[in-house]
Amino acid sequence: MRTLVVDHPLVAHKLTVLRNKDTDSPTFRSLADELVTLLAYEATRDVRVEPADIETPVAPTTGTRLATPRPLVVPILRAGLGMLDGMMRLLPTAEVGFLGMVRDEETLAATTYAERLPEDLSGRQCYVVDPMLATGGTLAAAIRFLVDRGADHITAVCLLAAPEGCARLEEELADLEIPVTVVTAAMDERLNERGYIVPGLGDAGDRMYGIAAG
């Protein structure tokens, strides 16, 4: 597994405002959207392409276009929805699937409660979007779910990550024979006793939408 922490002043600036407890939900959503687009630029460096012959106003040339099958963007519900537009801004022709996962606050184990994905993902590149890579359980379960359906290249885009989550992800996915990359704006210090990232930014879903998960 490869982990890429995006080092850019605009990323650091937007993340700082997201962390601020006084940032309201509309501002949080807007900045998260902008930050995801910056992360997506790095996350898509390995997107599959193929040559394309075109005519410019001056002469014929060979350019590049996204290869088929098209990449699949998979937000993990619900907080991942707030990252979808930022990804689609860079990948407007990608398809979108949805994966609903919930973490048990006692055991910290992730379970799937809903999904809207193709049954066969053979040969597909998947971009999983989830704001927080905290304990790593949810993201590991999501990645394995996609691999079981045939996905052969997975990139996870997260606003924040914790060392414990990355370590668990690497351990639980060690048997996979496909490339897995995590792209994040920052690697924070640690997890607290509740499994939250420190210093973190709180519950991303609540801060985006202003309500607790029901």
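What you see is a predicted model, and the numbers here were worked out from it, not measured in a lab.
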**Prompt:** Which pairs count as salt bridge (charged side-chain N to carboxylate O under 4.0 Å, His left out) when at least one residue sits in residues 86-97, sequence neighbours excluded?
**Reply:** Asp33-Arg89, Arg70-Glu95, Glu95-Arg124
**Asked** Has the side chain of Ser30 got a donor or acceptor atom that lies under 3.5 Å from a matching backbone atom of Pro26?
**Response** no
**Asked** Asp152: what forms a salt bridge (charged side-chain N to carboxylate O under 4.0 Å, His left out) with it, not counting sequence neighbours?
**Response** Arg48
**Prompt:** Got a sec, which pairs hit salt bridge (charged side-chain N to carboxylate O under 4.0 Å, His left out) with one end in residues 131-150, sequence neighbours left out?
**Reply:** Glu115-Arg149, Glu119-Arg149, Arg144-Asp175
**Item:** Residues that Thr64 engages under side chain to side chain contact (heavy atoms under 4.5 Å, CB included), provided they are two or more places apart
**Value:** Val49
**Asked** With clusters built from Ile, Leu, Val, Met, Phe, Trp and Tyr whose side-chain heavy atoms come within less than 4.5 Å, directly or transitively, what are the remaining members of the cluster of Met187, listed by chain and number?
**Response** Val5
**Request:** Count the heavy atoms belonging to other residues, nucleotides or ligands that lie under 6.0 Å from CG of Asn20, then report whether that count exceeds 12.
**Result:** yes
**Listed partners of Val182 passing side chain to side chain contact (heavy atoms under 4.5 Å, CB included), at least two apart** = Met1, Thr3, Leu133, Ala156, Leu169
**Complete:** Sorted by chain and number, sequence neighbours left out, side chain to side chain contact (heavy atoms under 4.5 Å, CB included) with Thr27 holds for Thr23, Asp24, Leu31
**Asked** Is the closest side-chain heavy-atom distance between Val74 and Phe98 below 4.5 Å?
**Response** no
**Message:** With rounding to the nearest 0.5 angstrom, report the NZ to CG distance, Lys14 to Leu39.
**Reply:** 11.0 Å
**Request:** Just jot down the side chain to side chain contact (heavy atoms under 4.5 Å, CB included) partners of Leu10, sequence neighbours excluded, or say none.
**Result:** His8, Leu38
**Asked** Which residues pass the salt bridge (charged side-chain N to carboxylate O under 4.0 Å, His left out) test with Asp46, sequence neighbours left out?
**Response** Arg2
**Request:** Please write out which residues are connected to Leu90 in a hydrophobic cluster, directly or through intermediates, given that two of Ile, Leu, Val, Met, Phe, Trp, Tyr count as joined at side-chain heavy-atom separations below 4.5 angstrom.
**Result:** Tyr41
**Request:** Without swapping roles, check the side chain of Tyr209 against the backbone of Gly82 for a donor-acceptor pair under 3.5 Å.
**Result:** yes
**Pairing residues for Glu55 by the salt bridge (charged side-chain N to carboxylate O under 4.0 Å, His left out) criterion, not counting sequence neighbours** = none
**Request:** For residues 176-191, pull every pair meeting side-chain hydrogen bond (donor to acceptor under 3.5 Å, both in side chains), keeping only residues two or more places apart or in separate chains.
**Result:** Arg19-Asp188
